[in-house]
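Written below as structure tokens is the structure these notes are about.
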Amino acid sequence: MKRFSRSLFVSALCTAALLLLPPAGERTQADSLPLHLTKLDGLLRTDVEKRTTGTRRVLIRAKSSDLAALRQQLESQGYKVIGQLGGETLTAVVPAAGLEGLAKSTRVLGMSADAIVLPHGQLGGLLGGVTGTIDAVTTTVKPILQTVGNLLDPSLDKGGEPVPPAVLRATLGLDNSGSGKGVVVAVIDSGLEMSPEFQGRVKAFYDFTNGNSSPASPSDEYGHGTHIAGTIAGSGALSKKNEYRALAPGVELVVLKVLDSSGAGYTSDVVRAIDFAVANRSKFGIDIINLSLGHPIYEPASTDPLVQAVERAAGAGIAVLAAAGNLGVNPTTGLPGYAGITSPGNAPSAITVGAVMTSDTVTRTDDRIPDYSSAGPTWYDALVKPDLLAPGHRIIAVGARESFIYKNYPELRAADPDYIRLSGTSMATAVGSAVVALMIEGHRATHPSTPPLTPNLIKAMLQYSAFAVRNGYGLEYDTLREGAGGLNGAGAITLARNVDTTVARGANWLQPQPLPWTAIGGENVSWSQAVIWGSAVIWGSTVPLNQAAWSSAVIWGSTTPWSNSYAVIWGSNIVWTDPQSWSNAVIWGSSSIGTTSGNAVIWGSTGGMTAQNAAWQDLEETGLGAQ
């Protein structure tokens, strides 16, 4: 009820909040852009406006019927065509000076930068335009990153105690009754270093780096992917009495390598890996995709190549978990800020996971959101993200002994040197994937012959059973920081086990209806009993009823009739983080953020919008979008 009251308070303050919005002219500059420039994402448009030199890797969308002619056009101009994504997108390297000319072509529907993606565990982020112009077709992204060095940021690891798997299980309310057996997770990351931890459970390993898409021997030169896979499915075989076993040690893995030895990769490689997982879902039995990586948002979700790949996967029935990003701190002021969600965490149908710091305790009352965990709303589309939080700080899992991380950061090794600790929304996403695997296993065991859980229903159950996370003063974090709240593993699994997916539309499908609380650490933790549907918080009979929204054919957040529910729209104007004061306001205007000046999100003093409190500064000036 506290959130409900807060939302009513929000509505009462909307009129006052409008006084703080920038003049209408400042918010509609994009409307005056030449039509052809609207085909370019924010990064490429900056190249055109600043007359950038050099070359750029791009993703060019066209109608299927125009694709052959477009390829011929590019090659006739001497541009390098690298490959094709699906049936409507070409990957190419073109001069920055030629971007505007291509945008004027009637064959081109849109262009996006083939941006560099990075893992979201202990990463400071790419600052200063490293994702910008490249001078040649490189076989690896490593040369691009050498100018700033490897970007692992140990500062994220400060504060709190390491969280071994046994404590992680207990704080999620899990026992040893489930292992995820029979569930398959596709880990799209830096690869996997084989060890007894994964023996007999790696169904396939494909390398998508350097433009490849072929089966290969497992490898992980960077080390991030091994930690992710270990958090989800490590058996604990390298530890004494398997004490470091993961949350779902029975899960099978399909490992798709998209990040190189520097921990970076191209958007196009990730898109190819996602589409490969969709195309081979039946062959490998893929249930879940884990994406602990991303890049700043440069365009609306409707044209973002990574987002659209995620939407295709969700539409095919695969639950996709994506990291919210580690851009929760304003790089100028060093204070927590908003609108730092990265792509593909802005995908409406993705289960976007932020991080919570649990320390080495089971109780949830001392959980806190680390400053680095990205908050919403999403750039351009103003969606409420993350969807929920999961433990992601100082998580212990198996290390890749031959990797960059293991060799160069010995301080991150656990007491047992076969294991390391990492922090970030990457780790939180892996924890979420493990819980989803246990949900799927639980549902199959209870209802073996019923239709499977859809990605939308899985997300709804995770949110419905989530619980409030509070700061050190006992105040609940706002929805743009915590989403629906903290992950409740036991509660989500209970819902999954009890749902009968054969029940008719509109009827109650929870048999029996569980009590809306979970005992964790000797305390009864209440469920949120709500879902965040795009920009609305919906209370009432949401999850207990079989509704149209839970179909895989429905994009999360789209217009859907709700029965016996009460929806509170988070306004097109304002959300206050603390209704008791006039500090820390988040404002968005006409349901979009960053379309023009990027000044639609503010925090700090409400006396006015200044360069000091404008979130992430100006999109056009930095070329870094939400970063």
Side-chain angles (χ1 to χ4, degrees), residues 29-49 52 55-115 117 131 133 266-272 274-275 278-279 295-316 343-344 346-349 378-381 383 555 558 592 594-596 619-620 623 625:
Q29 292 171 6
D31 297 336
S32 62
L33 279 175
L35 184 61
H36 66 279
L37 289 184
T38 64
K39 295 182 182 180
L40 305 178
D41 73 6
L43 200 55
L44 299 182
R45 195 157 58 241
T46 299
D47 281 339
V48 171
E49 292 170 352
T52 303
T55 54
R56 167 77 78 188
R57 277 182 66 128
V58 295
L59 303 176
I60 309 175
R61 299 183 300 282
K63 294 179 181 178
S64 298
S65 57
D66 289 336
L67 213 60
L70 178 59
R71 178 188 285 266
Q72 185 177 17
Q73 174 185 337
L74 292 170
E75 291 175 342
S76 68
Q77 292 177 280
Y79 300 163
K80 173 69 175 180
V81 177
I82 300 173
Q84 184 171 326
L85 301 179
E88 299 179 340
T89 303
L90 293 177
T91 308
V93 175
V94 304
L99 290 171
E100 185 167 14
L102 277 175
K104 292 179 179 179
S105 171
T106 57
R107 297 190 181 105
V108 174
L109 297 178
M111 275 195 288
S112 307
D114 192 5
V117 294
T131 59
T133 301
Y266 287 113
T267 293
S268 55
D269 293 337
V270 181
V271 171
R272 289 190 301 115
I274 296 172
D275 286 341
V278 173
H295 65 65
I297 298 173
Y298 299 122
E299 59 190 310
S302 60
T303 58
D304 186 318
L306 266 181
V307 169
Q308 290 308 302
V310 167
E311 292 299 323
R312 289 192 293 272
S343 174
N346 58 323
S349 299
T378 63
W379 212 252
Y380 294 104
D381 301 294
L383 298 178
I555 296 176
S558 59
S592 64
T595 303
T596 54
L619 178 64
E620 274 70 23

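Predicted model, so just to flag it, every value in this text is computed and none were measured.
Across every non-hydrogen atom of T267 and P305, the tightest pair is CG2-CB, 4.5 Å. Scanning both residues, T46 and T52, for their nearest heavy atoms gives O-OG1, 4.3 Å. Residues A301 and D381 come closest through the heavy atom pair N-OD2, 2.8 Å. The shortest non-hydrogen separation linking S268 to L59 is CB-CD2, 3.8 Å. For the pair L67 and A62, the tightest heavy-atom approach, listed with the atom from each and the gap, is CD1-CB, 3.9 Å. Residues L383 and P348 come closest through the heavy atom pair CD1-CG, 3.9 Å.
When atom types are taken as modelled, the side chain of K39 and the backbone of K104 share no donor-acceptor pair closer than 3.5 angstrom. In terms of modelled atom types and a separation under 3.5 Å, the side chain of Y380 and the main chain of Y298 share a donor-acceptor contact.
Of the N and O atoms on the side chains of D41 and S112, not one donor lies less than 3.5 Å from an acceptor on the other residue. For the residue pair T378 and N346, no side-chain donor N or O sits within less than 3.5 Å of a side-chain acceptor on the partner.
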- Item | Worked verdict on D304 versus E311 for side-chain contact (heavy atoms from CB on, under 4.5 Å) | CA-CA 11 Å; D304 186 318; E311 292 299 323; over 6 Å; no

- Task: Apply side-chain contact (heavy atoms from CB on, under 4.5 Å) to the pair V58 and L99, showing each step before the final yes or no.
- Result: CA-CA 9 Å; V58 295; L99 290 171; 4.0 Å; yes

message = One pair to check against salt bridge (Lys or Arg N to Asp or Glu O under 4.0 Å): R272 and D269. What are the steps and the verdict?
response = CA-CA 5 Å; R272 289 190 301 115; D269 293 337; 2.7 Å; yes

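Side chains of T55 and Y79 form no contact here, defined as non-hydrogen atoms less than 4.5 Å apart. Side chains of R312 and V307 form no contact here, defined as non-hydrogen atoms less than 4.5 Å apart. Between I60 and T89 there is no side-chain heavy-atom pair separated by less than 4.5 Å.
Across V48, D47, V108, a single residue satisfies side chain to side chain contact (heavy atoms under 4.5 Å, CB included) together with L40, and that is V48. Here the rule is side chain to side chain contact (heavy atoms under 4.5 Å, CB included) with R56, and of L43, D114, V93 only L43 fits it.
Atom CD1 of I555 has 12 or fewer heavy atoms from other residues, nucleotides or ligands within 6.0 Å.
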Please tabulate, one pair per line, all N/O donor-acceptor pairs under 3.5 Å involving side-chain atoms of residues 71-78, not counting sequence neighbours.
residue : atom : partner : partner atom : Å
Q73     : OE1  : R107    : NH1          : 2.7
S76     : OG   : Q72     : O            : 3.3
S76     : OG   : Q73     : O            : 2.7

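Using a 4.0 Å cut-off between charged side-chain N and carboxylate O, K63 and D66 make no salt bridge.
Remark: E100 CD to R45 CZ distance equals 12.0 Å, nearest 0.5 Å. Going from atom CD of E299 over to atom CE of M111 covers 11.0 Å, rounded to the nearest 0.5 Å.
Take T91 and apply the side-chain hydrogen bond (donor to acceptor under 3.5 Å, both in side chains) test, not counting sequence neighbours, and it matches no residue.
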